[in-house]
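A quick write-up on the structure given underneath.
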Amino acid sequence: MRKFEAPFPRGNCPIYSFGPEDKSAPLVLLFPDAFGPRPASFAVAEELAAGGWRVLMLDQFYEAIPYAPLTPKSLFQEGPERDRVMQMFMSVTMAKIDEDVAAMLKLAGDRSNTDAPFAAVGYCMGGRYALAAVTASLRVKFAGAFHASNIAPVEGDSPHLRLAGVKGRIYIGVAGVDPTYDADEHGRLAQALREADTDHIVETYHGMGHGWVYPDLSIYDEAGAAKHMRRIKEPFGEAMAG
């Protein structure tokens with residue numbers, strides 16, 4: 001792993017880089033969950049990098065730096081720590097996401113040959129970033145969102161309203177037990193994907209809860225995490241070949 005800072009719209013953003021220093025290699029923009037960059041999210045990036053892909057991960061809370069580390073247990077216990085995490089989470093608006101996605105795409109372009117394909121993968125709140133990326137650039141050949149939250153809201157701007165013209169493949173991995181993603185949101189997302197005639201799959205991970213990918217969460221599921229990795233590698237590889 002290599003770490004550096006890049007100028008972003010609202011300050012310098014820490015960027016974590018994984019994989020070969022080869023500008024022709026496929027590049028994955030990885031957007032972590034609400035607990036940000038940490039060993040559990042680095043492990044996901046390292047597994048992708050082991051396959052020869054490059055990975056760039058941002059700290060989506062760069063505006064708040066320096067901040068105390070965000071720990072998963074803080075979200076599940078009432079008190080000032082939970083309030084702090086929720087305040088940081090709620091400060092990330094769709095407008096800020098679009099700005100930061102544009103900055104990540106520019107960074108990726110500056111570090112890549114013109115024909116190097118991109119993917120965007122996001123978890124929880126990062127799902128909005130991944131979908132924003134595939135709607136913003138034709139270079140994004142695959143977008144994956146896992147246990148994403150607020151990806152098809154009733155009101156306000158959202159990537160699911162911008163799907164017309166998207167050429168990249170879209171994969172949505174939904175937790176079977178997820179209070180942040182209900183049937184109504186599922187319906188809005190499915191309708192938007194169909195109406196835009198996108199190449200997409202929405203798959204439910206039966207019996208799994210929100211956050212099943214990361215081993216530092218109590219809801220972690222090893223088989224589900226392995227399956228999610230296959231769902232990134234296989235379609236991105238196919239999209240590159242096609």
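Below, all heavy atoms of this structure are taken into account, side chains as well, without hydrogens, waters or symmetry copies.
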Hey, is [X] close enough to [Y] for a salt bridge, meaning N to O under 4.0 Å?
X	Y	answer
Asp100	Arg10	yes
Lys227	Glu203	yes
Arg54	Asp22	no
Glu21	Arg2	yes
Arg128	Asp157	no

Looking only at heavy atoms, which two atoms of [X] and [Y] are closest? And how far apart?
X	Y	value
Val140	Ala133	CG2-O, 3.6 Å
Ala132	Asp98	CB-OD1, 3.8 Å
Pro20	Gly52	CG-O, 3.6 Å
Phe61	Ala34	CE1-O, 3.3 Å
Phe142	Arg231	CZ-O, 3.5 Å
Leu138	Lys141	O-NZ, 3.5 Å

Ring center gap for [X] and [Y] short of 6.0 angstrom:
X	Y	value
Tyr220	Tyr214	no
Tyr171	His200	no
Trp53	Phe236	yes

Original post:
How far apart are the C-alpha atoms of Asn150 and Tyr181, what are their side-chain angles, what is the distance that settles it, and do they pass the side chain to side chain donor-acceptor pair (under 3.5 Å) test?
Top reply: CA-CA 7 Å; Asn150 202 31; Tyr181 181 87; over 6 Å; no
I'd like to know if the side chain of [X] and the backbone of [Y] have a donor-acceptor N/O pair within less than 3.5 Å.
X	Y	value
Glu46	Phe18	no
Glu185	Ala152	yes
Arg162	Ala136	no
Arg139	Pro117	no
Ser112	Gly109	no
Thr135	Leu163	no

Going hydrophobic residue to hydrophobic residue with side-chain gaps under 4.5 angstrom, can you get from [X] over to [Y]?
X	Y	answer
Val154	Leu161	no
Tyr67	Phe35	yes
Met1	Leu30	yes

With the side chain counted from C-beta on, respond yes when [X] and [Y] share a heavy-atom pair under 4.5 Å apart, and no when they do not.
X	Y	result
Met94	Pro153	no
His210	Ile219	no
Met208	Val177	no
Trp212	Phe146	yes
Pro159	Ile151	no
Glu5	Cys13	no
Asp199	Val166	no
Lys3	Met57	no

**OP:** Can you tell me which residue pairs pass the side chain to side chain donor-acceptor pair (under 3.5 Å) test with a partner in residues 113-126, sequence neighbours excluded?
**Re:**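 Every side chain to side chain donor-acceptor pair (under 3.5 Å) pair that includes a residue of residues 113-126, provided the two are not neighbours, is Tyr123-His228.
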**OP:** Could you please spell out the steps behind the side-chain contact (heavy atoms from CB on, under 4.5 Å) verdict for Leu56 and Met104?
**Re:** CA-CA 8 Å; Leu56 293 177; Met104 284 289 279; 4.2 Å; yes
Measure the spacing between [atom1] of [X] and [atom2] of [Y] and express it to the nearest 0.5 Å.
X	Y	atom1	atom2	answer
Ser41	Asp59	OG	CG	9.5 Å
Glu63	Ser91	CD	OG	6.5 Å
Phe118	Leu105	CZ	CG	7.0 Å
Arg188	Leu193	CZ	CG	13.0 Å
Met229	Glu234	CE	CD	12.0 Å

**OP:** Check the surroundings of atom CD1 in Ile201: do more than 12 heavy atoms from other residues, nucleotides or ligands lie under 6.0 Å from it?
**Re:**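 12 or below, so no.
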**OP:** Kindly indicate, with the supporting measurements, whether the criterion side chain to side chain donor-acceptor pair (under 3.5 Å) is fulfilled by Tyr205 and Asp178.
**Re:** CA-CA 10 Å; Tyr205 286 64; Asp178 192 343; over 6 Å; no
**OP:** Please name the residue in the list Phe31, Phe4, Phe42 that meets the ring pair (Phe, Tyr, Trp, His ring centres under 6.0 Å) test with Tyr16.
**Re:**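 For Tyr16, the ring pair (Phe, Tyr, Trp, His ring centres under 6.0 Å) check succeeds only for Phe42.
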Original post:
Asp33 and Arg38: salt bridge (Lys or Arg N to Asp or Glu O under 4.0 Å), yes or no, with the steps?
Top reply: CA-CA 10 Å; Asp33 62 7; Arg38 61 192 192 283; 2.7 Å; yes
**OP:** Would you please test Val202 and Ile170 for side-chain contact (heavy atoms from CB on, under 4.5 Å) and show each step?
**Re:** CA-CA 8 Å; Val202 180; Ile170 296 175; over 6 Å; no
Original post:
Just checking, is any N or O donor in the side chain of Thr198 or Arg169 under 3.5 Å from an acceptor N or O on the other one?
Top reply: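 No.
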Original post:
Do the side-chain N and O atoms of His160 and Ser158 include a donor-acceptor pair separated by under 3.5 angstrom?
Top reply: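 Judged by distance alone, the side chains do pair up.
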**OP:** For side-chain contact (heavy atoms from CB on, under 4.5 Å), just list the numbers for Phe8 and Ile15, CA-CA rounded to whole Å, side-chain angles, deciding distance to a tenth of an Å, and then say yes or no.
**Re:** CA-CA 11 Å; Phe8 265 45; Ile15 303 292; 4.1 Å; yes
**OP:** Go through the steps to decide whether Lys96 and Thr93 satisfy the test side-chain contact (heavy atoms from CB on, under 4.5 Å), and finish with yes or no.
**Re:** CA-CA 5 Å; Lys96 290 181 178 181; Thr93 64; 3.3 Å; yes
